[in-house]
Amino acid sequence: MNSYTIRFRLTLWYSVLVVLTVLFLGAAVYKAAAWGVRKAADQELSSGLTGIDAFLQHKLAIHDMDNLGEELREHSALMPRGKMFRVRDVNGKLVYQPDLMIPVADIPPYTTELRGTNQVRSGYSYRTMSRITNVGPYVFTLQAAVDQTEYDQLLNRLMFLLICCIPVGGCLAALVGRWMSGKVLAPVHRITATAQTIDAHHLERRLSLQGNGDELDQLSGTINSMLDRISDSYDRIAQFTADASHELRAPVAVVRSTAELLLMDITDHGRVQRGLHDIVEESDSMTRLLSDLLTLARGGLEEYTGNKELFDLSASVSAMVPRAKAQAALKNIGLISEAGDGPLAVEGNQVVAERVLMILVDNAIRYTHPGGTIRLKTWREGLRCGFTIVDSGIGIAHEHRNRIFERFYRVNSARTPGDGSSGLGLSIAKSLLDLHGGSIQVESELGMGSSFEVSFTVASHEGERVIPSPPHT
Ligand code: ADP
């Protein structure tokens, strides 16, 4: 694992970048300066050689080729300071050479083309150039040189300066980089410090925003909205746990008080029997409540999130009818099933559809007086299909209609022992349908009965064979 801090890495990168820039720029400046100096010297030397050539041509033209050495010495007086030349004849014999030219070596082989070299002799540096020239029948070797010592010293000083700039630039870059990265990362330290103080007991705390909308502000905003969501879920879980404990407390209290009453006098067999009967009923209702709670808890709902399958909703509903009829008959309620024409192909989870159906049938039976009727019909309208359960029961007042799908919501909150009412059935049905792309709607008038309609989208490939599957009971 790389344990270097971001601040350290930023500083390092910045320093390396500056050092490399200084290095490349320095090298470029040095090269350009050296090239410029040499180019200027070469121009001077080549024009000097051309001058000597012209001088010799002139001497030939006026037939004055005697005493050339002396003539050339006089000509050399016209040359700029530091510039000198030497002339040899075809045999290499010196025609003219000033003393200052002695240390400058010849540059054979001689050609008619210009040839140049750099030479360092006894601490002096020279740029020198030579070429052969034909002056009538005569052949001369001309070589000019210029003292470059001062320029070389200047270039050396420039190089020294540039080399010094590298560590100085590096150190400065490190200092500036450290300061800059410290400034840039300061908000990160603030975020870290605040985030460390946020725990389950302080979920209301939020990261402060600078308001400049930069990346770190955006990050803080994102973390804040994530904290909002976590806090919401945390509150909901806390509320759910509180509601669940509250719901369980009542039946447990009933069981306890009934058992205590029985303990006071266990000789009265009739009373003992009634008491035990109440206890069994309460236990049943607690078992139902616990299984509903489990279903609502994430693990419970996931039980129903299995793979989607193509099934016939109409067949599923028909298969549940005998069981629903038997249940309704126990309360002397008639259940009429009106199956629509043909199969209803739905791509979803058959278990979910059956579970929702049974929740609605249970409710219809529970909230319908003996002698009443329940109608169960399947239908299809365009691309939607589903089932509707209509009862002639007590109905639901307008103000309660939107709330009956909330967890633990009961229209009549007073409970009677063993009535099996927990306020969870419809919220389970809605959660399951939300997970499986179904929807549920209610229509009801107080005292006039209720109608619950569950709908799904018709499977797009309904033309395929629908595999009839046995109902899951
Ligand atoms: P439970 O039935 O266990 O109380 P539900 O979530 O299934 O919980 O229902 C919530 C509330 O909606 C019920 O308490 C009841 O008041 C009302 N309700 C549900 N179904 C019907 C119905 N078919 N007729 C009248 N009221 C109903």
Side-chain angles (χ1 to χ4, degrees), residues 236 239-240 243-251 254 281-297 300-301 304 317 320 324-325 327-328 330-337 352-377 386-435 438-454:
R236 259 185 280 125
Q239 183 61 46
F240 182 72
D243 289 346
S245 332
H246 181 79
E247 287 301 314
L248 278 170
R249 202 180 304 147
V254 172
E281 275 198 340
E282 281 303 327
S283 310
D284 278 352
S285 104
M286 274 193 282
T287 310
R288 267 197 304 276
L289 177 62
L290 284 173
S291 96
D292 283 352
L293 286 174
L294 264 180
T295 306
L296 270 182
L301 280 178
Y304 296 94
V317 172
M320 304 300 284
K325 270 191 176 161
Q327 227 172 296
L330 287 178
K331 228 183 124 181
N332 194 24
I333 295 172
L335 192 140
I336 303 159
S337 155
V352 165
E354 289 167 5
R355 177 83 204 266
V356 171
L357 174 72
M358 282 324 290
I359 288 173
L360 297 179
V361 167
D362 278 351
N363 277 354
I365 295 172
R366 190 177 312 140
Y367 300 109
T368 300
H369 298 297
T373 42
I374 298 172
R375 286 176 193 282
L376 171 55
K377 59 178 177 185
F387 56 83
T388 306
I389 296 168
V390 186
D391 64 53
S392 59
I394 59 173
I396 305 162
H398 181 71
E399 67 269 25
H400 297 296
R401 232 175 286 151
N402 291 332
R403 302 203 56 195
I404 52 176
F405 296 102
E406 291 173 18
R407 286 172 184 184
F408 298 107
Y409 189 82
R410 289 190 307 245
V411 172
N412 180 6
S413 50
R415 62 189 297 285
T416 48
D419 67 357
S421 159
S422 64
L424 289 176
L426 288 179
S427 84
I428 290 175
K430 183 151 177 24
S431 304
L432 288 172
L433 288 169
D434 285 348
L435 268 175
S439 64
I440 182 165
Q441 268 168 355
V442 59
E443 278 174 24
S444 182
E445 285 296 327
L446 196 58
M448 307 288 285
S450 315
S451 161
F452 285 85
E453 181 186 278
V454 173

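Order of listing sets the numbers, starting from 1, for every ligand and every atom in it.
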If you measure from each non-hydrogen atom of [X] to ligand 1, which part falls under 4.0 Å: side chain, backbone, both or neither?
X	answer
Leu360	neither
Arg366	side chain
Phe452	side chain

Select the closest option to [atom] among [options], judged by heavy-atom distance.
atom	options	result
atom 26 (N) of ligand 1	Ile359, Ile396, Ile428	Ile396
atom 23 (N) of ligand 1	Val411, Leu426, Ile389, Asp391	Asp391
atom 8 (O) of ligand 1	Ala364, Gly423, Ser444	Gly423

Run the numbers for me: atoms of ligand 1, each under 4.0 Å from some heavy atom of [X], listed by number.
X	value
Gly425	5 (P), 6 (O), 7 (O), 8 (O)
Leu424	6 (O), 8 (O)
Tyr409	10 (C), 11 (C)
Ser450	22 (C), 24 (N), 25 (C)

Backbone or side-chain N or O of Arg410 under 3.5 Å from ligand 1 N or O: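 In fact, backbone or side chain, Arg410 has no N or O that close.
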So, is Ser427 polar-close to ligand 1, with some N/O to N/O distance under 3.5 Å?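 Not met; the criterion fails.
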Might you confirm whether atom CG of Asp434 has over 12 heavy atoms from other residues, nucleotides or ligands at distances under 6.0 Å?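 Above 12, so yes.
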Should we say atom CD of Glu443 is surrounded by more than 12 heavy atoms from elsewhere, each under 6.0 Å from it?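 Not more than 12 within 6.0 Å, no.
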Within-4.5 Å side-chain heavy-atom neighbours: Val361 and Ile374: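 No, every pair of side-chain atoms sits at 4.5 Å or beyond.
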Quick check: do Ile333 and Asp391 have side-chain heavy atoms less than 4.5 Å from each other?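 Heavy-atom side-chain distance check fails, nothing below 4.5 Å.
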Spacing of [X] atom [atom1] and [Y] atom [atom2] [to the nearest 0.5 Å]:
X	Y	atom1	atom2	answer
Thr388	Gln441	OG1	CD	10.0 Å
Ile389	Glu453	CD1	CD	11.0 Å
Met320	Ser337	CE	OG	12.5 Å

SB check Asp284 Arg288 (cutoff 4.0 Å):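 Result for this pair is no, no salt bridge flagged.
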Is Gly393 close enough to touch ligand 1? Criterion: a residue heavy atom under 4.0 Å from a ligand atom.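 No.
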Side chain to side chain contact (heavy atoms under 4.5 Å, CB included), paired with Leu426, selected from Ile404, Val442, Val356: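 The single option meeting the side chain to side chain contact (heavy atoms under 4.5 Å, CB included) with Leu426 is Ile404.
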